[in-house]
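I have placed the structure first, in the form of structure tokens, so that the comments after it can refer back to it.
Numbers here are sequence positions counted from 1.
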Amino acid sequence: MSERETWATRLGFILASVGSAVGLGNIWRFPFQTAENGGAAFVVVYLAAVVIIGLPALLAEFVIGRRAEVNAITAFDRLDRQNWKVIGAIGIFAGFWTLSYYSVIGGWVIRYVYGSATGAYFGSPDGYFGTISTGLDAVALHLLFMTVTVGIVAFGIEDGIEKATKLMVPSIVVLMLGLAVYAVTLPGGGEGYAFFLSPDVSAIVANYRSVVPAAVGQALFSLSLGFSVMITYASYIGDDENLGIDGVSIAAFNTFIGVLAGFVVFPFLFAQGVDVGDAGPGAVFVSVATALGQLPFGRLLGVVFFGVVLIAALSSAISLLEVVVSYVVDNYRFGRTRTAVTLGAVLFVVGVPSAMETAWLGWFDAVAVNLLLPIAALGVVLFVGWVMGGDALDEVRRGTGGAETLSMVWLWSLRTVVLVAVGLTVYLSLLKLSAPPL
Ligand code: PHE
């Protein structure tokens with residue numbers, strides 16, 4: 001058997017992880033979740049969730065991956081805990097499930113890059129979204145997005161994912177910063193900053209049953225946790241890297257881009273008097289398009305904005321596909337390219353309902369983020385905290401030169417606060433789940 005692939009450089013691993021984390025979750029999902037859950041109050045809970053829950057959970061996935069050096073299902077065999085394989089399986093299934101509709105949104109984004117250039121949506125942003133978001137066009141662009149994703153993954157870890165994300169992540173930062181600076185100059189954008197930045201604490205307390213699970217789910221989704229992505233990516237680390245520093249950098253960077261997206265989206269919206277409460281999967285598309293239609297250089301800004309979103313979406317989509325490809329390549333005599341293409345074809349079919357009907361897309365998203373993700377994350381936290389225990393401590397300390405106290409704090413937070421918080425999220429999320437839109 002040929003040797004298993006690894007990242008060429010440590011930076012390559014960090015950028016690929018950042019590329020996975022920064023995605024539609026930051027730019028498409030975060031703004032409408034913020035709008036639906038009370039604005040700045042949601043942002044506060046989200047930020048707390050990233051630090052208190054997301055970061056320890058991220059390290060937990062890294063520890064499994066680097067210790068086992070194999071895909072997220074076989075990892076549990078390697079760690080001598082066969083019964084826990086089900087967690088990896090849920091994660092991989094969840095990633096597969098998510099990619100099916102993620103790709104449909106990716107298709108919308110492609111459409112908006114093009115629509116910005118031609119000015120197609122400027123006359124009627126609302127009507128435009130309605131026309132392009134479902135039906136045959138949406139199916140075709142979903143296919144296009146899926147094809148590009150498959151293409152990158154087929155090239156492998158070093159030549160595909162690492163090279164692509166090294167180019168993508170810096171472009172996202174530069175373009176987003178540019179847009180945020182531009183947003184400052186908008187007259188009337190001030191209200192947007194206020195909505196985003198001045199939390200009403202009493203609203204958090206009054207609505208914690210919906211705000212808390214939404215914020216925790218968003219924090220986990222945004223860090224690409226629960227879908228075995230970070231387990232898989234960490235399995236390609238060859239050396240004794242300092243996982244703590246890597247984890248903090250990745251989480252900080254991801255949060256920075258999410259917040260930056262807020263600094264772009266909210267001033268844009270308020271400057272144009274668009275109703276942010278009008279949320280849902282179409283929110284960012286309709287509202288940003290409305291705003292762009294009324295701004296100077298709207299077409300150019302539109303191409304830049306949706307171009308960034310597209311890059312971010314692709315670098316996340318490849319990670320979702322890689323999780324499944326990695327499992328197949330590790331376990332069956334089925335080449336990387338054939339696996340990627342076959343899975344891409346299946347994913348395309350699974351995504352068709354989401355491309356035909358936005359209600360299906362919303363339901364797929366809810367099941368992924370409110371059900372599969374917190375369950376898988378709970379499993380990981382329980383496993384690393386209570387089953388691996390001392391082994392996890394050894395692994396997290398590798399490459400850190402000790403870090404005795406910090407690693408103990410990490411382990412005990414996993415065992416207590418993180419476990420309880422994710423458990424509570426699973427419970428509250430279950431209460432919110434709705435039936436499929438049949
Ligand atoms: N973190 C990605 C985003 O914010 C989505 C994602 C979740 C990707 C889980 C991989 C795994 O868009």
Side-chain angles (χ1 to χ4, degrees), residues 13-14 16-27 29-30 33-34 37 42-65 72 87 91 94-95 98 204 208 211-234 243-262 312 316 319-320 368-370 372-385 392 396 406-407 409-426 428-429:
F13 160 66
I14 295 180
S17 306
V18 168
S20 168
V22 174
L24 294 171
N26 304 60
I27 305 167
R29 205 171 187 283
F30 179 63
Q33 290 292 316
T34 302
N37 290 289
F42 174 82
V43 179
V44 172
V45 186
Y46 164 78
L47 291 175
V50 167
V51 177
I52 301 171
I53 302 165
L55 191 57
L58 178 63
L59 281 177
E61 290 207 5
F62 281 170
V63 159
I64 297 178
I87 300 170
T98 301
I204 306 179
Y208 79 95
V211 173
V212 170
V216 175
Q218 175 62 25
L220 296 174
F221 183 78
S222 177
L223 286 168
S224 295
L225 296 172
F227 297 167
S228 305
V229 167
M230 295 304 182
I231 298 180
T232 308
Y233 273 14
L243 291 182
I245 292 183
D246 293 0
V248 171
S249 322
I250 293 162
F253 204 93
N254 180 56
T255 309
F256 170 69
I257 298 286
V259 172
L260 200 57
S316 300
S319 73
L320 286 168
V369 180
N370 296 341
L372 301 173
L373 191 162
I375 290 177
L378 187 65
V380 167
V381 170
L382 199 61
F383 178 78
V384 175
V396 89
L406 268 181
S407 52
V409 172
W410 168 72
L411 185 67
W412 278 96
S413 72
L414 273 188
R415 289 180 166 180
T416 54
V417 181
V418 181
L419 191 65
V420 171
V422 180
L424 187 70
T425 302
V426 171
L428 291 173
S429 301

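Residues L382 and L378 fail the side-chain proximity criterion, which asks for heavy atoms closer than 4.5 Å. Between F221 and T98 the shortest side-chain heavy-atom distance falls below 4.5 Å. The shortest distance between side-chain heavy atoms of N37 and Q218 does not fall below 4.5 Å.
Partners of A94 by side chain to side chain contact (heavy atoms under 4.5 Å, CB included), not counting sequence neighbours, listed by chain and number: F227, L372. Every residue two or more places apart in sequence or in another chain that forms a ring-ring contact (aromatic ring centres under 6.0 Å, His included) with F383 is listed here: F76, W84. In terms of the ring-ring contact (aromatic ring centres under 6.0 Å, His included) criterion, F42 has no residue partners (sequence neighbours excluded). With sequence neighbours excluded, the residues that form a side chain to side chain donor-acceptor pair (under 3.5 Å) with N254 are N26, S222. For A234, the side chain to side chain contact (heavy atoms under 4.5 Å, CB included) criterion is met by F62, I237, not counting sequence neighbours.
The shortest non-hydrogen separation linking A60 to V384 is O-CG2, 3.6 Å. In plain terms, the two heavy atoms of A49 and A215 that are nearest each other are CB-O, 4.2 Å. Listed here is the closest heavy atom pair of A214 and Q33: CB-OE1, 3.9 Å. Minimum interatomic distance between L373 and L220 (heavy atoms only, all atoms of both residues): CD2-CB, 3.4 Å.
Of the inter-residue distances, the one linking L260 atom CG with F30 atom CZ reads 11.0 Å to the nearest 0.5 angstrom. Atom CD1 in I375 sits 10.5 Å away from atom CG in N370 (nearest 0.5 Å).
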Can you give each donor-acceptor pair under 3.5 Å made by side-chain atoms of residues 50-59, sequence neighbours left out, with the distance rounded to 0.1 Å?
none

Which atom pairs, donor and acceptor, lie under 3.5 Å between side-chain atoms of residues 412-426 and protein residues at least two apart or in another chain?
| from | atom 1 | to | atom 2 | distance (Å) |
| --- | --- | --- | --- | --- |
| S413 | OG | V409 | O | 3.3 |
| S413 | OG | W410 | O | 2.8 |
| R415 | NE | G385 | O | 2.8 |
| R415 | NH2 | G385 | O | 3.2 |
| T416 | OG1 | W412 | O | 2.6 |
| T425 | OG1 | A421 | O | 2.8 |

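For residues 223-234, the side chain to side chain donor-acceptor pair (under 3.5 Å) pairs, not counting sequence neighbours, are S20-S224.
The side chain to side chain contact (heavy atoms under 4.5 Å, CB included) test with M230 is passed by exactly one of L223, V63, L225: L225.
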